[in-house]
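Atoms within a ligand are numbered from 1 in the order they appear, just like the ligands themselves.
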Amino acid sequence: MAANCDSAVVKPGQRLGGTNFSRGRELSRRAHALIPGGAHTYAKGDDQYPELSPAFIARGVGCHVWDLDGNEFIEYGMGLRTVTLGHAYPRVTEAVARHLPLGTNFVRPAPIEVECAERFLELVPSAEMVKFAKDGSHTLDGAVRLARAHTGRDFIAICGDHPFFSTSDWFIGTTAMKAGIPEWTRAHTVEFHYNDIPSVEALFDQYPGQIACVLLEPARLEEPHEQFLPRLKELCHRNGALLVFDEMITGFRWHRSGAQHVYGVTPDLSTFGKALANGFALSALAGRRDIMRLGGYDHDRERVFLLSTTHGAETHAMAAAIATMATYVEFDVVGHLHRQGARLRKGIDDAAVASGVSAHFQCMGRDCALLYSTRDRDGCPSQEFRTLFLQELIRRGILAPSFVMSFAHSDADIDYTIDAVAQSLGVYRQALDGGVERFLVGRPVRPVFRAIG
Ligand SMILES: Cc1ncc(COP(=O)(O)O)c(C=O)c1O
């Protein structure tokens with residue numbers, strides 16, 4: 001089956017990428033004077049990319065993007081994993097365009113809100129009710145509030161091996177960037193380890209009758225050990241806590257019905273976003289009717305302020321989600337993501353062996369959403385080598401903070417990428433031998449979560 005047929009294609013002999021980023025740099029100077037950090041999302045910031053990189057993306061089609069200086073790239077960030085079908089996927093943009101002239105936000109709900117909920121619950125049958133919002137953080141905040149209200153407890157247990165759940169204090173307070181977050185909030189989020197049932201048991205022992213929910217991504221880099229998720233659910237319920245899955249990344253990527261379908265474990269609540277509307281802002285909190293309905297008013301318990309945002313039900317975002325979900329039903333999108341990811345992974349692994357860097361550079365995670373690790377001569381994780389690898393890929397036309405697949409990545413894109421990775425790993429080898437500073441232009445990238453500047 002063909003991928004997104006309208007995506008840009010690499011022509012034989014074509015060279016992508018470049019080293020002239022002057023117009024982007026100029027705009028970046030203006031951005032930093034106006035916007036703290038120069039970007040509205042930390043993950044897109046200048047400190048996440050090498051100095052020799054496009055500061056702005058002007059447009060994208062499929063998995064190709066163009067920067068302000070006219071350089072073209074094949075990319076693997078895909079809108080922070082939101083764009084699973086490809087940039088400007090016609091079926092989605094046409095659905096949005098059809099809705100825009102009808103008005104986008106009204107004083108009472110639009111009919112499309114019901115249609116979108118029906119389509120979502122057909123795809124994620126383990127959920128009985130759903131409420132939409134604009135971003136993942138809000139849906140997780142809703143899950144936490146609901147769990148606290150339902151159980152009458154204050155503590156939240158989160159998986160400490162998973163890097164991000166919400167922009168809210170209950171999560172940010174656990175990171176290195178905890179300035180401005182009250183002690184009570186920080187003290188009431190506790191951490192366990194993935195695939196480690198004893199670490200969860202220890203929390204239930206330490207805080208008996210006090211943990212409202214256990215929250216994790218059903219999988220991230222590691223697959224769950226057999227029985228980990230079923231035992232986790234059983235342990236939560238035995239201790240009166242709810243099990244919450246954050247499916248922001250796994251949803252519509254591991255499977256069109258979520259990782260909960262792949263692993264056969266239905267959580268009490270789960271959250272979706274990112275891939276739900278192919279880059280348009282829509283997220284979802286879904287789950288058990290008896291818990292979700294506390295956010296409504298057909299019950300006699302204390303009401304919960306679940307999710308309610310001014311922009312939460314914009315009609316064009318719902319139209320985008322319906323078109324995206326229909327594409328998942330019509331085509332084997334998830335199969336494509338896994339197939340192309342497996343091809344790319346094999347090509348990269350072979351190139352790493354051929355360049356003699358396989359002890360220092362590795363692909364990790366599920367084929368549909370690969371990450372990579374970069375290590376220095378001593379085998380220590382290295383931001384300098386990450387920056388060098390990014391820099392060399394960009395020079396060769398690949399923008400890859402990760403290797404996140406989309407339906408638009410064609411065989412030609414993957415082949416081109418493998419070639420660029422092989423050349424970049426050749427430079428990596430030289431840097432291992434001769435010193436990374438001889439090859440890296442400018443300062444290295446830095447982690448988002450750091451305490452000081
Ligand atoms: C696993 C996970 N959960 C939650 C979120 C928060 O989503 P949002 O940025 O839409 O608020 C993210 C964002 O990257 C995420 O990766």
- [ ] Would you name the heavy atoms of F73 and I398 that are closest together and state the gap between them?
- [x] CD2-N, 4.0 Å
Open item on the list: Any salt bridge linking R446 with D47? Criterion: basic side-chain nitrogen under 4.0 Å from a carboxylate oxygen.
Closed with: no
- [ ] Please check if atom CD in E302 has more than 12 non-hydrogen atoms from other residues, nucleotides or ligands closer than 6.0 Å.
- [x] no
- [ ] Report the part of L140 in contact with ligand 1, treating N, CA, C, O as backbone and CB onward as side chain, heavy atoms under 4.0 Å; options are side chain, backbone, both, neither.
- [x] side chain
Open item on the list: Can you report which non-hydrogen protein atom sits closest to atom 12 (C) of ligand 1, along with the distance?
Closed with: F164 CD2, 3.5 Å
Open item on the list: So is T167 touching ligand 1 or not, going by heavy atoms under 4.0 Å?
Closed with: no
Open item on the list: Under 4.0 Å, heavy-atom basis, I'd like to know which part of D135 is in contact with ligand 1: side chain, backbone, both or neither.
Closed with: both
- [ ] Decide whether the shortest distance between a heavy atom of L80 and an atom of ligand 1 is less than 4.0 Å.
- [x] no
Task: Protein residue, atom and distance nearest to atom 16 (O) of ligand 1, heavy-atom basis - done: I249 CD1, 3.5 Å
TODO: Please identify each residue that fulfils ring-ring contact (aromatic ring centres under 6.0 Å, His included) with H188, with sequence neighbours left out.
DONE: F155, W184
Task: Nearest-contact summary for atom 11 (O) of ligand 1 - protein heavy atom, Å - done: S137 OG, 2.6 Å
Task: Results of ring-ring contact (aromatic ring centres under 6.0 Å, His included) for H255 - residues two or more places apart only - done: H261
Open item on the list: K274 versus ligand 1: do any nitrogen or oxygen atoms come within less than 3.5 Å of each other?
Closed with: yes
Task: Close-contact set for ligand 1 against F165 heavy atoms, below 4.0 Å - done: 3 (N), 4 (C), 5 (C), 6 (C)
Open item on the list: Under 4.0 Å from a heavy atom of G136: which atoms of ligand 1 are those, numbered in the order shown and with their elements?
Closed with: 7 (O), 8 (P), 10 (O), 11 (O)
Task: Between CD on residue Q206 and CD on residue E201, distance to nearest 0.5 Å - done: 14.0 Å
- [ ] Give the atoms of ligand 1, by number and element, whose distance to some non-hydrogen atom of E217 is under 4.0 Å.
- [x] 1 (C)
TODO: For the residue pair Y372 and F403, categorise the inter-ring angle as parallel (less than 30°), tilted (30 to 60°) or perpendicular (more than 60°).
DONE: tilted
